[in-house]
Amino acid sequence: MTQPRSEFLKTVIDRGFLHQCTDLEALDAAAMSGRIAAYIGFDCTADSLHVGNLVSIMMLRWLQRTGHRPIVLMGGGTTKVGDPSGKDEVRKLLSETDIARNMAGIKLAFAKFLSFGQGKTDAVMVNNADWLDRLEYIPFLREYGRHFSVNRMLGLDSVKLRLEREQPLTFLEFNYMILQAYDFLELARRQGCVLQMGGSDQWGNIVGGVDLGRRIEDRALFGLTTPLITTASGAKMGKTAQGAVWLNDDRLPAYDYWQFWRNTEDSDVGRFLRLFTELPLAEIDRLEKLRGQELNEAKKTLANAATALCHGEAAARDAAETARKTFEEGGLAEGLPTVTFAAAQFAQGIEAFRVVVEAGLAKSNGEARRLIRQGGVRLNDAVMTDEMQKITHRDLGAGGTLKISVGGKRHALVRIGLPA
């Protein structure tokens with residue numbers, strides 16, 4: 001099609017969000033003719049979203065900023081089933097208590113990115129358990145299940161790849177596509193929703209909802225997906241050696257979040273600025289042309305802007321200042337993650353590997369020992385080689401603090417309570 005006329009789709013395309021759309025021209029016309037409502041679903045599989053979810057969240061944010069209404073669908077019902085997309089194994093079944101706890105944690109992220117309320121473009125949050133939990137099995141199958149071809153479902157990537165790898169696919173998971181399609185129809189009825197968005201792995205599920213709306217009520221519904229975001233080196237977005245890059249403060253400090261963006265690969269800077277910040281495109285074009293040391297300034301701009309969106313302007317400034325003191329001045333910046341030990345623990349000294357684990361820089365004693373043996377751990381910038389080395393009061397620097405580092409990107413401060 002020609003360049004879209006609606007501000008929403010212009011933004012989606014210009015900033016690199018578009019992968020597939022069921023009918024781009026018709027969706028553009030709908031967005032031009034009035035306000036549309038669109039949704040993205042989020043299952044409650046963890047108590048925080050992570051950077052891998054950020055493309056979807058930014059899509060909802062741009063939808064709202066361009067005059068439309070975002071709907072956040074919490075998967076209180078579908079989480080009980082489990083989406084097989086992108087998985088080689090059966091998802092763990094969570095209890096009602098687990099799902100409720102995870103949902104409460106996930107909700108925290110959206111308040112940072114979207115404006116909720118009663119206004120015409122204010123976001124709304126709904127829970128699909130409100131309708132899925134009340135479904136009667138036989139009536140649901142007769143009314144909706146008959147519109148789904150098993151032949152077609154077996155051809156979907158989420159199913160086909162699992163079967164090709166000879167991994168089990170339960171009948172419970174096989175139902176997920178039908179439930180997601182029904183979600184779309186219910187949101188069309190309840191909220192006037194006409195568009196479902198999601199990652200490219202959701203294409204089959206989304207098209208199922210578009211088709212169901214047409215078959216059941218002759219509704220004109222649309223689907224739009226975003227590309228799978230990987231780094232230039234091929235790594236999955238939001239995954240690091242230390243684990244997921246979480247959006248909630250209690251799962252990942254703002255400083256570590258800032259550092260994740262600051263360490264973006266050179267060739268990803270422009271793309272990530274378009275996707276994960278709201279900087280003007282002209283400014284992004286200028287920044288991505290920078291080279292050498294100047295490109296590091298572009299990475300700091302990315303880190304500042306992305307962190308400000310997720311954690312606020314003050315947290316972004318503090319993180320940038322912490323990094324400046326730590327890496328440019330060689331000091332022990334106060335903004336780093338901090339762990340404090342009682343003085344009694346260090347009367348005879350405490351093993352270095354235990355300090356690494358307590359500081360959150362390794363997940364287990366075994367991992368910490370391996371990192372030390374490989375020279376990956378530094379104490380006050382000096383490489384450690386003895387995993388059994390004991391840390392005592394003599395290792396404290398000015399202010400009764402020492403810095404412990406893993407690799408070039410992960411740092412923490414260790415404070416030790418001095419004897420009275």
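Keep in mind that this is a model prediction, so the values were computed, not measured.
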Beyond-backbone contact of [X] with [Y], side-chain heavy atoms, under 4.5 angstrom:
X	Y	result
His147	Ile178	no
Met384	Val377	yes
Leu73	Ile40	no
Phe174	Leu169	yes
Arg142	Pro139	no
Tyr257	Cys310	yes
Asp211	Phe148	no
Phe260	Val51	yes

Could you tell me whether the side chain of [X] and the main chain of [Y] form a donor-acceptor pair under 3.5 Å?
X	Y	result
Asp122	Gly119	yes
Arg134	Asp130	yes
Asn102	Asp47	yes
Asn205	Met177	no
Asn127	Gly76	yes
Thr121	Gly67	no
Ser48	Asn248	yes
Thr66	Leu63	yes
Lys299	Thr264	yes
Arg262	Ala303	no

Would you mind telling me which of Ile106, Asn128, Val126, Thr79 makes a side-chain contact (heavy atoms from CB on, under 4.5 Å) with Met74?
Ile106

Could you check Ile350 against Glu358 for side chain to side chain contact (heavy atoms under 4.5 Å, CB included), going step by step and ending with a plain yes or no?
CA-CA 11 Å; Ile350 184 169; Glu358 291 295 327; over 6 Å; no

Should [X] and [Y] count as an ion pair when the cut-off is N to O under 4.0 Å?
X	Y	value
Arg65	Glu278	yes
Asp266	Arg291	no
Arg373	Asp386	no

Of the non-hydrogen atoms in [X] and [Y], which two are nearest, and what is the gap between them?
X	Y	result
Ala308	Ala316	N-CB, 3.8 Å
Ile284	Arg15	CD1-NH2, 3.6 Å
Arg271	Ala232	NH2-N, 4.2 Å
Pro227	His19	N-CB, 3.4 Å
Leu290	Leu295	O-CD1, 3.6 Å
Gly213	Leu221	CA-CD1, 3.9 Å

Residue pairs passing the ring pair (Phe, Tyr, Trp, His ring centres under 6.0 Å) test with at least one member in residues 352-373, sequence neighbours excluded, are none

Looking at the rings of Phe116 and Phe110, which for Trp means the six-membered one, are their centres under 6.0 Å apart?
no

Measuring centre to centre across the rings, with the benzene-like ring taken for any Trp, is Trp261 within less than 6.0 Å of Phe276?
yes

Exercise: do Trp258 and Asn304 side chains pair donor with acceptor under 3.5 Å
yes

For Gln202 and Gln196, which I'm curious about, is there any donor-acceptor pair between the side chains at under 3.5 Å?
no

About how many Å separate [atom2] of [Y] and [atom1] of [X], when rounded to the nearest 0.5 Å?
X	Y	atom1	atom2	value
Ile57	Leu247	CD1	CG	5.0 Å
Leu371	Leu361	CG	CG	9.0 Å
Ile206	Ser200	CD1	OG	9.5 Å
Leu18	Thr226	CG	OG1	9.5 Å
Phe42	Met125	CZ	CE	9.0 Å
Phe8	Phe17	CZ	CZ	9.0 Å

Working note: Glu297 + Lys300, criterion salt bridge (Lys or Arg N to Asp or Glu O under 4.0 Å); need CA distance, chi angles, decisive distance, verdict.
CA-CA 5 Å; Glu297 296 306 312; Lys300 292 176 186 177; 3.3 Å; yes

Residue pair Leu93, Leu172: steps toward the side chain to side chain contact (heavy atoms under 4.5 Å, CB included) verdict:
CA-CA 11 Å; Leu93 291 181; Leu172 181 67; 3.8 Å; yes

Before you tell me yes or no, could you show the steps for Asp14 and Thr11 under side chain to side chain donor-acceptor pair (under 3.5 Å), namely the whole-Å CA-CA distance, both residues' side-chain angles and the distance that decides it to 0.1 Å?
CA-CA 5 Å; Asp14 290 346; Thr11 302; over 6 Å; no

May I have the step-by-step check of salt bridge (Lys or Arg N to Asp or Glu O under 4.0 Å) for Asp285 and Arg274, ending in yes or no?
CA-CA 9 Å; Asp285 288 342; Arg274 289 183 182 87; 2.8 Å; yes

Checking Asp249 against Lys112 for the salt bridge (Lys or Arg N to Asp or Glu O under 4.0 Å) test, could you report, in this order, the C-alpha distance in whole Å, the side-chain angles of both residues, the deciding distance, and whether it holds?
CA-CA 12 Å; Asp249 303 40; Lys112 306 171 185 178; 3.1 Å; yes

Show your reasoning for whether side chain to side chain contact (heavy atoms under 4.5 Å, CB included) applies to Phe113 and Leu309.
CA-CA 7 Å; Phe113 292 90; Leu309 279 174; 3.9 Å; yes

Evaluation steps, side chain to side chain contact (heavy atoms under 4.5 Å, CB included), between Tyr182 and Leu135
CA-CA 11 Å; Tyr182 182 72; Leu135 289 176; 3.7 Å; yes

Could you go step by step and tell me if Thr231 and Asp268 meet the side chain to side chain donor-acceptor pair (under 3.5 Å) rule?
CA-CA 7 Å; Thr231 65; Asp268 285 331; 4.7 Å; no

Taking atom CD as the centre, does Glu265 end up with more than 12 heavy-atom neighbours from other residues, nucleotides or ligands that are less than 6.0 angstrom away?
yes

Under 3.5 Å donor-acceptor pairs involving side-chain atoms of residues 187-194, not counting sequence neighbours:
| residue | atom | partner | partner atom | Å |
| --- | --- | --- | --- | --- |
| Arg189 | NE | Glu217 | OE2 | 2.6 |
| Arg189 | NH1 | Tyr144 | OH | 3.3 |
| Arg189 | NH1 | Glu186 | OE2 | 3.1 |
| Arg189 | NH2 | Tyr144 | OH | 3.4 |
| Arg189 | NH2 | Glu217 | OE2 | 2.8 |
| Arg190 | NE | Glu186 | OE1 | 2.6 |
| Arg190 | NH2 | Glu186 | OE1 | 3.3 |
| Gln191 | OE1 | Arg69 | NH1 | 3.1 |

